[in-house]
Asker: 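This is the structure, below, for whatever I ask next.
Because the structure is predicted, anything quoted here is derived from the model rather than measured. Atoms within a ligand are numbered from 1 in the order they appear, just like the ligands themselves. For the numbers below, each heavy atom of this structure counts, side chains included, while hydrogens, waters and symmetry mates do not. By convention here, the first residue in the shown sequence is residue 1.
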Amino acid sequence: MTQVEAIIIGNGIMARVTSHLMAKEGVFKKALIIGSEALPTASTQNQVWLQSGLIYPLETEKGKREAELCIRFGRRLNEMRLKSMTERFGIMAVASEQEAWRKIDFQIRNGFPQYDHILRPAEVERLLGRDFAQSAHYPEGTCFFKTPDQPFDEGGLLGFCRDSLRSPSSGFSSITGNATLRKSQVARNGYSLVVNGEEYDPGMLFVMAGVSTKQLLAPLGIEQHINIHARRCVLMRAPIITDLSADLFVDMMSHLSVNVVTNGLGEKMCLFGDVQFSLVPDLTQAMTDRDVTDDDKSKFLENLCQPQFFPQLRSRLIPLMKDNANFSVCYKTECDGHLPWIFPSAKFAPEFPNIFVAGPGKATLAWYAAQELLKLAKINIQTGLERPIVLEEPSYQPLWIDQK
Ligand SMILES: Cc1cc2nc3c(=O)[nH]c(=O)nc-3n(C[C@H](O)[C@H](O)[C@H](O)COP(=O)(O)OP(=O)(O)OC[C@H]3O[C@@H](n4cnc5c(N)ncnc54)[C@H](O)[C@@H]3O)c2cc1C
C-alpha cells in the first residue's frame, strides 16, 4: 500500500480548481489527483458558460449574495486563464423594466459600468435575430439588456487547470482510473483507495466526484450523511440554426438558455439548455441513466417549440432530432439551491477522519468552494506548513451546508 499525503478524486472543475490552489501554495509534497474518463462529468457536459449570477432573485439578501459570489469568483476563474469577463457578453430577457433596472444597477455596482442600459428594439433585433427578438413569447414590457456572462470554450478551463498541475514543483501526480474506497485496518485513517489495481493510503482524502459521490462513499457506509440530490438535464447541440449573434441568451421568462460556442473542430454550435430539469430521487439511477431517450427528445422539442415559446424553430430542429449525438444527458448536483456543499467527515464519521466531500453547486462557485474547503480543512496547519494559504478575495461567511 502506497502512502500519499493527499488524494483528490475528481476530474471536474471542483477537483481541478482545488488542486490548482493547493499546487500554487505548495501545500503538499506528494499528492495525487484521480479522475475517471468513464464516469459522468458535469463540468464538461454543462452548457459551457459560467453565468454572472444574475439568474438569482436579487430582491432577497441570499439571492443577492449568491449573485455577487458568482460574479467575483467567475471573474477569478477567467483571470486564471488571463481572460477578461468582459471579452464577450450575453443578453438577458426579463419581464419588466423594474426587474431590468434592478439587475443593471447590480451589475454596475459589481464592476460592469458598460452594461448600463436597456437595449433599444433595433439593437435587440440585431443581437438576437428574428428567431428570438420577434417571438410572440415576449409581451409588452419585456426588457433586454447586456450581461457580463462569459461563455467558456468547451473543456478550456479544465484544460488550463490540468496544465497548471504539470509543473514539477506542484507536488501533484495525475492518474486516470475509476477509484474505489474500502475499509482498511492497516491504513492510517481506516480506509484505503484502489485504482488501476494499486492500493493507496491517503493522509487526507478530498472527494469531488459530482453525481458519483454517494456511490463512491458507500463501501464505508457514510454515503447517507451526504445530503445532496441531482437534477437530470437534457441538452441539445446543434450546428448554428438561428440568427442569434450574441454569444449567450438567457431568457428568464421561459428559462431558456442558448449559447454559441466553438467545438473542437472550430465549428460554431448552438447549445440549447433544457427548460425542465427533473429531480432524480435516487442518485445511483444517474449512474445508469445516461443515454438520451426518444421520450427525452420529444419532450425537449415540445417544450422549446410550444406556441408561447419558439414554434418557429420547430422545422429546423426536427431534422436534428434523429441523431442522438446532438444530445447529451447530464446531472446537476445540488445541496441547497445552487450553493456549494462541503461535508467534513469529522462531523459525521469520526471513525474515518480526514475526508472532505465537496461540490461547487455552480461551476462559477468552484473557486469560492475551494477556498472555503481549504480553510475548513486547516490544511496549512495539518501539513505543518509554515506558509499559510493566502486568500486573495475578501473573506465571506461560508455558504456551505454544515452537517449537523
Ligand atoms: C445542464 C447544466 C448546466 C449548467 N450550467 C451552469 C452554468 O451555466 N454555470 C455554472 O456556473 N454552473 C452550471 N452548471 C453546474 C456545474 O456544471 C456543476 O456544478 C459543476 O460542473 C460540478 O463540478 P464538479 O467538479 O463538482 O463535478 P463534475 O464535473 O461532475 O466532476 C466529477 C468528477 O469526478 C470523477 N469521478 C467520480 N467518481 C470517481 C471515481 N470513483 N474515480 C475517479 N473519478 C471519479 C468523474 O469522472 C468526474 O470527472 C450546470 C450543470 C448542468 C448539468
Asker: Answer yes or no: is there an ion pair linking Arg102 with Glu59, defined by an N-O contact shorter than 4.0 Å?
Answerer: yes

Asker: Mind listing the closest non-hydrogen atom pair of Leu256 and Gly273 along with its distance?
Answerer: CD1-O, 4.1 Å

Asker: Give yes if a backbone or side-chain nitrogen or oxygen of Ala42 is under 3.5 Å from a nitrogen or oxygen of ligand 1, and no if not.
Answerer: yes

Asker: Output the list of atoms in ligand 1 that are nearer than 4.0 Å to some heavy atom of Gly361, sorted by atom number.
Answerer: 15 (C), 19 (O)

Asker: Could you walk me through whether Asn11 and Arg16 pass the side-chain hydrogen bond (donor to acceptor under 3.5 Å, both in side chains) check?
Answerer: CA-CA 7 Å; Asn11 219 1; Arg16 292 287 165 186; 2.8 Å; yes

Asker: Below a 4.0 angstrom heavy-atom separation, can you tell me which part of Ala366, side chain or backbone, both or neither, approaches ligand 1?
Answerer: neither

Asker: When the aromatic ring centroids of Tyr138 and Phe144 are compared, is their separation below 6.0 Å?
Answerer: yes

Asker: Output, in order, the C-alpha distance, side-chain angles, deciding distance and verdict of side-chain hydrogen bond (donor to acceptor under 3.5 Å, both in side chains) for Lys146 and Gln107.
Answerer: CA-CA 10 Å; Lys146 287 187 182 175; Gln107 58 191 24; over 6 Å; no

Asker: Where does Cys233 meet ligand 1, judged by heavy-atom distances below 4.0 Å: at the side chain, the backbone, both, or neither?
Answerer: side chain

Asker: For residues Trp341 and Thr333, determine if any side-chain heavy atom of one lies less than 4.5 Å from a side-chain heavy atom of the other.
Answerer: yes

Asker: Which ligand 1 atoms are under 4.0 Å away from a heavy-atom of Gly12?
Answerer: 25 (O), 29 (O), 31 (O), 33 (C), 49 (O)

Asker: Can you report which non-hydrogen protein atom sits closest to atom 21 (O) of ligand 1, along with the distance?
Answerer: Ser43 OG, 2.8 Å

Asker: Report the member of Leu217, Leu365, Val207, Thr364 with the shortest heavy-atom distance to atom 11 (O) of ligand 1.
Answerer: Thr364

Asker: Nearest protein heavy atom to atom 33 (C) of ligand 1, by residue and atom, and its distance?
Answerer: Asn11 N, 3.3 Å

Asker: Could you grab the distance from atom CD1 of Ile91 to atom CG of Asp149, nearest 0.5 Å is fine?
Answerer: 10.0 Å

Asker: Given Met14, Arg16, Gln51, which one has a non-hydrogen atom that is nearest to atom 24 (P) of ligand 1?
Answerer: Met14

Asker: List every atom of ligand 1 that sits less than 4.0 Å from any heavy atom of Ile9, numbering the atoms from 1 in the order shown and giving each element.
Answerer: 39 (C), 40 (C), 42 (N), 43 (C), 44 (N), 45 (C)

Asker: Take Gln134 and Gln312 through the side-chain hydrogen bond (donor to acceptor under 3.5 Å, both in side chains) test and state the conclusion after the steps.
Answerer: CA-CA 10 Å; Gln134 291 190 358; Gln312 64 276 27; over 6 Å; no

Asker: For atom CZ of Arg314, is the number of surrounding heavy atoms from other residues, nucleotides or ligands below 6.0 Å larger than 12?
Answerer: yes

Asker: Taking only heavy atoms of Cys330, which atoms of ligand 1 are found under 4.0 Å from at least one of them?
Answerer: 1 (C), 53 (C)

Asker: Starting from atom 16 (C) of ligand 1, find the nearest protein heavy-atom neighbour and note its residue, name and distance.
Answerer: Ala363 N, 3.6 Å

Asker: Below a 4.0 angstrom heavy-atom separation, can you tell me which part of Arg231, side chain or backbone, both or neither, approaches ligand 1?
Answerer: neither

Asker: Could you check atom 44 (N) of ligand 1 against the protein and tell me its nearest heavy-atom contact, residue, atom and distance included?
Answerer: Ser36 N, 3.1 Å

Asker: Of the protein's non-hydrogen atoms, which lies at the shortest distance from atom 39 (C) of ligand 1, and what is that distance?
Answerer: Leu39 CD1, 3.4 Å

Asker: Considering Val17, Leu235, Asn46, which one's heavy-atom position lies nearest to atom 17 (O) of ligand 1?
Answerer: Asn46

Asker: Does ligand 1 have a heavy atom under 4.0 Å from the side chain of Leu216, from its backbone, from both, or from neither?
Answerer: side chain

Asker: Does at least one non-hydrogen atom of Gly177 fall below 4.0 angstrom from an atom of ligand 1?
Answerer: yes

Asker: What part of Thr44, side chain, backbone, both or neither, has a heavy atom within less than 4.0 angstrom of ligand 1?
Answerer: neither

Asker: Looking only at heavy atoms, is any part of Ser212 under 4.0 Å from ligand 1, and if so is it the side chain, the backbone, or both, or is it neither?
Answerer: side chain

Asker: Relative to the heavy atoms of Asn178, which atoms of ligand 1 are at a distance of less than 4.0 Å?
Answerer: 40 (C), 41 (N), 42 (N)

Asker: To which protein heavy atom is atom 27 (O) of ligand 1 closest, and what is the distance rounded to 0.1 Å?
Answerer: Gly210 CA, 3.8 Å

Asker: In the structure I gave you, are the side-chain heavy atoms of Val357 and Ile342 within less than 4.5 Å of one another anywhere?
Answerer: no

Asker: Any idea which protein heavy atom is nearest atom 5 (N) of ligand 1, and the distance to it?
Answerer: Gln47 OE1, 3.4 Å

Asker: Considering only heavy atoms of Met208, which atoms of ligand 1 have at least one such atom less than 4.0 Å away?
Answerer: 32 (C), 33 (C), 34 (O)

Asker: Between Arg76 and Glu79, does any NZ, NE, NH1 or NH2 come within less than 4.0 Å of an OD or OE carboxylate oxygen?
Answerer: yes

Asker: Check whether any side-chain heavy atom of Met208 lies under 4.5 Å from a side-chain heavy atom of Ile9, and answer yes or no.
Answerer: no

Asker: Would Phe132 and Phe310 count as a close aromatic pair, with their ring centres under 6.0 Å?
Answerer: yes

Asker: Is there a side-chain contact between Phe356 and Phe343 (heavy atoms, below 4.5 Å)?
Answerer: no

Asker: Around atom 48 (C) of ligand 1, find the nearest protein heavy atom and jot down its residue, atom name and distance.
Answerer: Thr41 OG1, 3.1 Å

Asker: So Tyr115 and Phe89, would you call those rings parallel, tilted or perpendicular, with 30° and 60° as cut-offs?
Answerer: tilted

